[in-house]
Each structure stands twice: as C-alpha cells, then as structure tokens.
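Heads up: the structure comes next, in structure tokens.
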Amino acid sequence: MDETSRTPRGTMMLRTLAMPADTNPAGDIFGGWIMSQMDLGGAILAKELSRGRIVTVAVDGMSFHRPVSVGDVVCVYGECVHVGRTSLKVKVEVWVKKVTGEQIGDRFCVTEATFSYVAVGSDKRPRVIPRDGNAELQAVVAQLGQA
Ligand SMILES: CC(=O)SCCNC(=O)CCNC(=O)[C@H](O)C(C)(C)COP(=O)(O)OP(=O)(O)OC[C@H]1O[C@@H](n2cnc3c(N)ncnc32)[C@H](O)[C@@H]1OP(=O)(O)O
C-alpha cells in the first residue's frame, strides 16, 4: 500500500522536532538519528509490556521511504507484533507531519522496521516476560491470538 494513503499503525510512543543538528551533509535529517528515535520509541513499548529492563537484539526490514526535513514534526508509532518467552517484536513506523511551507498539514510514513527486544535481568541475561497480572501484555497476546 502507498505509505501516504493509510494511517499509522500502533500507538504514538514519541513525538519530537527534527533539528538542524540532526542533518547529514546534504541537509536532510540523518538516518542514524531517525533509527535512534525508532529504537527509543520501540523500547518504551517493550519496557512497558515486559515490565522492566530490555535490550535491543535485532532490527529487521529497515526501509527509508522519504527524507525528513528540518522543522518536520517526527512521530514514532509502535505496535507489538509478537510476544515470546523472553523477547518481543515491535513494528515501528515513523510519520512526519509538515507544519510549515507548501505541504503544511501533510502526514506521511517516512521509515519503518521491526525491532526485537529481549527482557533482561540485573545480570543482563534473558528473563521471562511476566504474564500473570500483566493486563497490558495479556491484551496484546489476546489480540495476536497467542493466548
Ligand atoms: C551491541 C550493542 O550494544 S547493541 C545495543 C544494545 N543491545 C545489547 O547490548 C544486546 C546485546 N546482546 C545480548 O546481550 C544477548 O544477545 C541477549 C541477552 C540479548 C540475548 O542473549 P542470548 O544468549 O542470545 O539469549 P537466548 O538465546 O536465550 O535468546 C533469548 C531470546 O532472544 C531471542 N533472540 C536472540 N537473538 C535474536 C535475534 N538476533 N533476533 C531476534 N530474537 C533473538 C530468542 O529468540 C529468545 O526469545 P524467546 O525467549 O522469546 O524465545
């Protein structure tokens, strides 16, 4: 589907402004900054669902659809698409909202990827993601049909 003709997937986890300090030599926003925002947004969701410390273990299917410009409002959406024993997968999308210029009001998806997070304990080893009493996780598991 054309990324401009749909709505964001998931919940908005982060909203920020693309600043001049985040540009590449061509003047567009640096892809590494966008990936960092994606990891932060996905990690917030993973921490909430797993109720504790997590680490990023993999990133799959990173696609940059359109450039981001200084002054764009950058919104990171996350949706949990898999719950494992100690790991979670979060589909992350970055959407831009134009707030100045000829495109004002336009919203479109600029980047997407799937981030894998592993819940870890204080020893930095994988820990089992708690399900009992974890209503938020239970809701996700039920929605995914993994119950
Ligand atoms: C290097 C960096 O600084 S990157 C940024 C921050 N990230 C990190 O520091 C993480 C570094 N990596 C690690 O510490 C380890 O690889 C750990 C703790 C994440 C995993 O340790 P492992 O011994 O591989 O764990 P183990 O094999 O038991 O797997 C644990 C879970 O991770 C999942 N997993 C492991 N590797 C991957 C991978 N590449 N992609 C997706 N899931 C993975 C497993 O499927 C398993 O999930 P499940 O329990 O839900 O079935």
Side-chain angles (χ1 to χ4, degrees), residues 1-99 107-147:
M1 185 190 287
D2 176 2
E3 73 273 8
T4 60
S5 62
R6 62 180 178 90
T7 54
R9 207 177 149 179
T11 304
M12 192 194 290
M13 304 307 300
L14 275 183
R15 189 166 186 251
T16 188
L17 194 63
M19 299 292 279
D22 305 315
T23 53
N24 62 25
D28 292 319
I29 296 299
F30 180 48
W33 179 82
I34 295 171
M35 291 167 70
S36 169
Q37 303 305 308
M38 296 171 84
D39 195 16
L40 286 172
I44 291 171
L45 183 58
K47 283 172 78 73
E48 287 175 344
L49 292 174
S50 73
R51 296 194 160 177
R53 185 170 175 171
I54 50 101
V55 291
T56 309
V57 73
V59 183
D60 295 299
M62 179 72 72
S63 295
F64 293 95
H65 301 301
R66 291 174 65 166
V68 177
S69 304
V70 170
D72 286 346
V73 173
V74 175
C75 305
V76 179
Y77 290 82
E79 181 181 61
C80 182
V81 293
H82 178 78
V83 179
R85 198 175 82 90
T86 66
S87 69
L88 292 170
K89 289 187 192 298
V90 179
K91 179 75 196 300
V92 179
E93 294 184 356
V94 182
W95 284 67
V96 149
K97 182 182 178 190
K98 294 286 184 185
V99 288
R107 298 173 84 229
F108 46 85
C109 179
V110 294
T111 308
E112 59 188 308
T114 302
F115 284 70
S116 297
Y117 299 96
V118 178
V120 293
S122 54
D123 58 356
K124 302 187 181 177
R125 294 301 305 153
R127 66 179 167 86
V128 176
I129 297 171
R131 297 199 178 202
D132 289 349
N134 188 348
E136 205 175 352
L137 185 82
Q138 292 286 6
V140 171
V141 166
Q143 196 172 6
L144 293 171
Q146 286 189 274

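Atoms within each ligand, like the ligands themselves, are counted from 1 in listed order.
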Got a donor-acceptor contact below 3.5 angstrom from the [X] side chain to the [Y] backbone?
X	Y	value
Q37	L14	no
N134	L49	yes
R127	S50	yes

- Task: Can you sort out the partners of E48 under side chain to side chain donor-acceptor pair (under 3.5 Å), two or more places apart, ordered by chain and number?
- Result: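 Listed in chain order: nothing, the list is empty.
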- Query: Rounded to the nearest 0.5 Å, how far does CG of L45 lie from CD of E136?
  - Reply: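 E136 atom CD to L45 atom CG measures 7.5 Å (nearest 0.5 Å).
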- Query: Between K98 and D72, is the closest basic N to carboxylate O distance under 4.0 Å?
  - Reply: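 Salt bridge: yes.
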For ligand 1, which of its N or O atoms have a protein N or O partner closer than 3.5 Å, and how long is each gap?
from     : atom 1 : to   : atom 2 : distance (Å)
ligand 1 : 7 (N)  : T56  : O      : 2.9
ligand 1 : 23 (O) : R125 : NH1    : 3.4
ligand 1 : 23 (O) : R125 : NH2    : 2.8
ligand 1 : 47 (O) : S87  : OG     : 3.0
ligand 1 : 49 (O) : T86  : N      : 3.0
ligand 1 : 49 (O) : T86  : OG1    : 2.6
ligand 1 : 50 (O) : R85  : N      : 2.9
ligand 1 : 50 (O) : T86  : N      : 3.0
ligand 1 : 50 (O) : S87  : N      : 3.0
ligand 1 : 50 (O) : S87  : OG     : 2.7

